[in-house]
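The next block holds one structure in the form of structure tokens; read it before the comments.
Positions are given from 1, in the same order as the sequence printed here. Keep in mind that what you see is a predicted model, and the values were worked out from it rather than measured.
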Amino acid sequence: KECDNDDDSSTIDDDVVLILDVDNTLYSEDEIMEMKKQKKDDEIMGIEEQIIENTYKFCKVHCNNMSREKADDYYHKYGSTIEGLRFEYDEEIINKNGNTKRKELLQTFYTEVYADINYSSLRRLVERRESGDTTGYSHSNNYNELYTFLSNTNYPIYFASNSPSSHVKTVLRALGLSKLLKSNNNNILAPDTIIDQDEMDYPTKANPNIFFKSLLDKYNNKKSRLILIDDSKLNIQKASEIGIEGILVNKNKNDDDDKNKKKTTLEEALSIAID
């Protein structure tokens, strides 16, 4: 089965609606970095590693030489640096930078930060999983098995990311999961896919009422359980405020308080969600 049509109402069981985060959820950033260490190959680059480094560069160039520490402060407080820029970055400073408007700053952020991401590590990760060479990791499934599982489930599947939709599609393609996208890509929720942006430009999961509005509207009158599988505790907490259940996987750097706790894998989270 491929998700190649736009109307799933006749074939889909919407008792459960699966909402899958992308980065560090569909893949493990730690697994990429472990692969880099084992192979002793500096050409293997983490995806989030590159996004973070490009974010630092963006803040330095476009935000009055903003320090890495300040960018990290925004990340820890809001779940993403971009949210800090949205709510705390001084309008006066923005105007000094060539009279750049906030909307234009956000648009430039998504264009520049993701322009030169090297995704080859994801393809190598797929090969690693297929070969069974996953020493130190509890992932039992390779990506062919994951695709088969997801494509055969009767539940609606959405991909939700604070990154732009172009990035989401590239990650899914690299992992061999792109056939899970509908023909018009309307099962991607990303800052640049939110159609009604009257209230906020480029909303993220930190603004759940806006970010998840299309799902809330679609499933509001149904007895559906919307379940977000995400590596960010903050994203899950925000989603819970509007009735979306959450399962934390992999964990990210915002969750240092849980660093000694065993990580829940994506496969385990999916089993919990549909149990």
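- By the 30° and 60° cut-offs, the orientation of the rings of Tyr110 relative to Tyr114 is parallel.
- The shortest distance between side-chain heavy atoms of Arg86 and Asn207 falls below 4.5 Å.
- When all heavy atoms are compared, the tightest approach of Ala190 to Ser165 is CB-N, 3.7 Å.
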Pair Glu34-Gln38, side chain to side chain donor-acceptor pair (under 3.5 Å): steps then yes or no: CA-CA 6 Å; Glu34 179 63 22; Gln38 289 178 352; 3.2 Å; yes
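- Partners of Phe58 under the ring-ring contact (aromatic ring centres under 6.0 Å, His included) rule, at least two apart in sequence or in another chain, are His62, Phe109.
- Partners of Asp41 under the salt bridge (Lys or Arg N to Asp or Glu O under 4.0 Å) rule, at least two apart in sequence or in another chain, are Arg124.
- In terms of heavy atoms, Tyr143 sits closest to Val126 at CD1-CG2, 3.7 Å.
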Verdict with reasoning, Asn250 to Tyr27, per side chain to side chain donor-acceptor pair (under 3.5 Å): CA-CA 9 Å; Asn250 293 331; Tyr27 63 88; over 6 Å; no
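- A salt bridge between Lys77 and Asp73 is absent, with no side-chain N of the basic residue lying under 4.0 Å from a carboxylate O of the acidic one.
- Under the 3.5 Å distance criterion, the side-chain polar atoms of Ser121 are matched with a main-chain donor or acceptor of Met45.
- Within 6.0 Å of atom CD in Glu241, more than 12 heavy atoms from other residues, nucleotides or ligands are found, so the atom counts as buried in its surroundings.
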The test is side-chain contact (heavy atoms from CB on, under 4.5 Å); show your working for Thr81 and Ile52 and say whether it passes. CA-CA 9 Å; Thr81 301; Ile52 292 169; over 6 Å; no
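- A donor-acceptor pair is defined here as one N or O able to donate and one able to accept, closer than 3.5 Å; no such pair exists between the side chain of Thr25 and the backbone of Val22.
- Under the side chain to side chain contact (heavy atoms under 4.5 Å, CB included) test applied with Phe159, the options Leu177, Leu189, Asn187, Asn185 reduce to a single match, Asn187.
- For Asn54 (side chain) and Val113 (main-chain N/O), a donor-acceptor pair under 3.5 Å exists by modelled atom type.
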How far apart are the C-alpha atoms of Thr170 and Arg173, what are their side-chain angles, what is the distance that settles it, and do they pass the side-chain contact (heavy atoms from CB on, under 4.5 Å) test? CA-CA 5 Å; Thr170 303; Arg173 187 163 53 248; 3.5 Å; yes
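- Pairing each heavy atom of Tyr74 with each of Gly84, the nearest pair is CG-CA, 3.5 Å.
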Run the side-chain contact (heavy atoms from CB on, under 4.5 Å) check on Glu29 and Ile47 step by step: do they pass? CA-CA 7 Å; Glu29 182 82 356; Ile47 305 303; 4.1 Å; yes
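- Panel note: side chain Thr204, backbone Asn162; no donor-acceptor pair is recorded below 3.5 Å.
- In plain terms, the two heavy atoms of Ile194 and Ile210 that are nearest each other are CG2-O, 4.1 Å.
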Audit row: Arg225, Glu245, side-chain contact (heavy atoms from CB on, under 4.5 Å) steps and yes/no: CA-CA 7 Å; Arg225 294 174 59 213; Glu245 300 175 40; 2.8 Å; yes
